[in-house]
Amino acid sequence: MESFSMNKKYLMGVDVGTQSAKVVIFDTEGNVICEGKQALRKLDIPAPLLAEHPDDDLWDSLKVAFGKVMDNFHAQGGDVSQILAMGVCVIRCCRVLLKGNGELAWPVINWMDKRLNKPYQPLECYGEVKYVTTTSGYITHRLTGEFKDTCANYIGWWPMDNDTLDWSTDPAQWESCNLSRSQVFDVVKPGEMLGYLSEKAARQIGLPAGIPVIATAHDKAVEALGAGTLEPGIALISLGTYIGAMVHGHENVKNAQNFWPFQASIPGRYLYECMGVRRGMWTISWFRDQFGAAALADAQEKDLSIEELLNREATKIPAGCEGLLTVHDWAPPSEAEFRKGAMIGFDGRHTRAHMYRSMLEGIAFTMKNHMDKMADELGVPFKGLIISGGGANSDLFMQIFADVFGVPTRRNLMKGSAAVGCAVNAGMAAGVFDSYEKATEKMVRMGEHFTPDGKNHQLYNALNADVYQKMNTHLDPLLQALSPLVD
């Protein structure tokens with residue numbers, strides 16, 4: 001953390017993910033001054049394949065995070081009048097139903113909910129719904145009182161024109177999404193003003209009213225910006241509840257087969273994202289919570305966290321886990337809702353460390369298979385990876401990615417790069433930076449690099465080609481028979 005000086009100016013990054021709300025204050029040189037974080041509550045699962053955020057949890061958690069960061073800021077003698085702007089980034093692919101006064105008509109519907117696979121359908125239980133928006137639209141309204149949102153967080157069933165970066169003018173698109181113009185917010189581009197912090201919100205979060213609130217994009221695009229992936233062939237793998245992989249581009253590619261072109265957090269640029277792993281890092285947390293208790297005594301004796309102990313144990317396991325492979329379908333893709341997670345290849349050699357490492361390797365295999373198809377279609381091979389998210393703290397996981405992909409892999413000093421991306425967008429709006437390239441040069445701090453082990457890369461290639469890539473073909477018929485019996 002950096003110290004204060006009288007003439008420093010500050011930028012705020014507001015990052016609300018699936019698991020936590022975080023607010024980070026940077027100076028304009030890219031130094032982290034302080035941060036505040038609050039875990040979100042567990043999702044409500046009212047029925048299989050439904051998922052909602054309880055009560056008003058996104059806003060409630062964010063208020064706590066703001067309170068924590070401001071306590072830290074004041075404790076260090078920070079001057080709130082020198083905060084130039086805040087950039088706001090919130091979980092994508094959710095659906096938020098609001099009353100006319102901007103309050104929730106229904107709990108926020110999370111991206112893991114099967115209702116998000118279809119257009120909005122008004123249900124009697126929702127009550128009076130005036131607006132259908134995104135999480136960023138909702139949090140923007142909470143902060144500013146405006147009914148505005150970024151144009152770059154509309155993924156899925158929304159009538160958004162990704163060429164014009166504005167609402168579609170095609171009535172058929174509105175009809176297919178079951179929406180009308182009066183039901184959605186006005187939109188602005190990333191790096192543009194959404195509004196000013198309102199008196200009401202300012203009282204609730206401990207900041208002065210009037211601070212500019214700046215648009216970013218959807219969370220993965222903001223992470224990609226904040227990770228510094230603007231160079232061709234450099235991909236970001238974002239280790240979150242959803243694990244995504246993406247590269248930047250300049251065209252809104254039409255009819256792509258192996259990736260989606262989304263709006264980037266830079267207006268007029270695009271983010272190419274391939275398929276990822278649903279409930280990716282959630283699965284690692286699930287393993288820790290369900291099976292880590294057996295390791296608790298060992299962890300306490302060595303004065304380690306459960307995660308650190310599992311990582312240390314798994315580092316001693318050879319690449320390939322002596323034949324134990326994990327298929328990460330704990331949350332299945334929408335096109336194959338019958339799929340379930342699987343571990344295959346157990347024998348008497350295997351321990352909890354094998355299981356843990358196998359889950360990490362399974363994520364890396366899955367991401368490589370998706371990303372290779374995207375790279376082939378784009379004609380741009382990967383020459384390097386940047387890994388973001390809490391999982392990037394693990395040297396073991398970083399080395400697995402390097403070995404599976406066979407390219408140099410790095411993490412940045414700040415693993416949660418969405419907050420950095422928010423500050424970059426805020427800084428562009430405030431005139432702090434001349435270009436996005438110069439902004440990322442200043443704000444992104446590189447961390448450790450990991451070089452691939454050639455022998456491990458060779459083994460992983462063989463395991464992937466001969467076994468892993470064929471798993472779904474063999475498991476799908478069995479899981480299709482299982483699903484109607486248990487779901």
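Side chains are part of it too, since the values below use all heavy atoms of this structure and drop only hydrogens, waters and symmetry mates.
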Heavy-atom donor-acceptor pair, [X] side chain to [Y] backbone, under 3.5 Å:
X	Y	answer
D113	A51	yes
E35	K22	no
S20	A39	no
S198	A201	yes
D27	G30	yes

**OP:** Identify which one of F26, Y10, F66 satisfies the ring-ring contact (aromatic ring centres under 6.0 Å, His included) criterion when paired with F73.
**Re:** Y10
Interatomic spacing from [atom1] in [X] to [atom2] in [Y] - rounded to 0.5 Å:
X	Y	atom1	atom2	answer
S61	D55	OG	CG	10.5 Å
L43	I109	CG	CD1	12.0 Å
K42	D57	NZ	CG	13.5 Å
T241	W282	OG1	CH2	10.0 Å
S334	R278	OG	CZ	6.5 Å

Would you say the side-chain atoms of [X] and [Y] include a donor-acceptor pair closer than 3.5 Å?
X	Y	value
Q173	W158	no
Q183	S180	yes
S238	K220	yes
R115	N117	no
N258	Y272	no
S136	D149	yes
T18	N110	no

Original post:
Salt bridge between D329 and K340, side-chain N to carboxylate O under 4.0 Å?
Top reply: no
Original post:
Can you list the steps and then say if D15 with V222 is a side-chain contact (heavy atoms from CB on, under 4.5 Å)?
Top reply: CA-CA 9 Å; D15 169 23; V222 183; over 6 Å; no
Do [X] and [Y] have side chains that get closer than 4.5 Å, going by heavy atoms?
X	Y	value
L58	R142	no
K37	K68	no
L207	I83	yes
L179	P159	yes
V213	V88	yes

**OP:** For the pair F401 and F405, name the ring-plane relationship: parallel under 30°, tilted 30 to 60°, perpendicular over 60°.
**Re:** tilted
**OP:** Could you check whether the rings of W167 and Y154 sit parallel, tilted or perpendicular, using 30° and 60° as the cut-offs?
**Re:** perpendicular
**OP:** Let me see the working for R410 and E448 under salt bridge (charged side-chain N to carboxylate O under 4.0 Å, His left out), right down to the final yes or no.
**Re:** CA-CA 6 Å; R410 83 160 202 253; E448 297 85 352; over 6 Å; no
Original post:
Can the ring centres of H250 and Y270 be said to be less than 6.0 Å apart?
Top reply: no
**OP:** Determine, using ring centers only, whether Y120 and W157 are less than 6.0 Å apart.
**Re:** no
For residues 227-236, please give each side-chain donor-acceptor pair under 3.5 Å, one per line with the distance, not counting sequence neighbours.
{"unit_1": "T229", "atom_1": "OG1", "unit_2": "A224", "atom_2": "O", "d": "2.9"}
{"unit_1": "T229", "atom_1": "OG1", "unit_2": "H248", "atom_2": "ND1", "d": "3.2"}
{"unit_1": "E231", "atom_1": "OE2", "unit_2": "K383", "atom_2": "NZ", "d": "2.9"}

Original post:
Which pairs count as ring pair (Phe, Tyr, Trp, His ring centres under 6.0 Å) when at least one residue sits in residues 205-229, sequence neighbours excluded?
Top reply: H218-F262
Original post:
Of L271, T150, V424, L225, which is the lone residue that meets side chain to side chain contact (heavy atoms under 4.5 Å, CB included) with S265?
Top reply: L225
Original post:
Should the heavy atoms of other residues, nucleotides or ligands under 6.0 Å from CD of E175 be counted, would the total exceed 12?
Top reply: no
Subject >> Results of side chain to side chain donor-acceptor pair (under 3.5 Å) for R95 - residues two or more places apart only >> reply: none
Subject >> side-chain contact (heavy atoms from CB on, under 4.5 Å) between L378 and D376, intermediate numbers included >> reply: CA-CA 6 Å; L378 288 169; D376 289 345; over 6 Å; no
Subject >> Verdict with supporting geometry, E337 and D487, side-chain contact (heavy atoms from CB on, under 4.5 Å) >> reply: CA-CA 10 Å; E337 288 184 350; D487 290 338; over 6 Å; no
Original post:
What's the verdict on side-chain contact (heavy atoms from CB on, under 4.5 Å) for M86 and I214, showing C-alpha distance, side-chain angles and the deciding distance?
Top reply: CA-CA 6 Å; M86 66 172 74; I214 307 303; over 6 Å; no
Original post:
Are E437 and R269 close enough, and set up right, to give a salt bridge (charged side-chain N to carboxylate O under 4.0 Å, His left out), and what steps lead you there?
Top reply: CA-CA 13 Å; E437 284 75 13; R269 292 202 207 172; 2.6 Å; yes
Subject >> Nearest heavy-atom neighbours spanning A245 and M367 >> reply: CB-CE, 3.5 Å
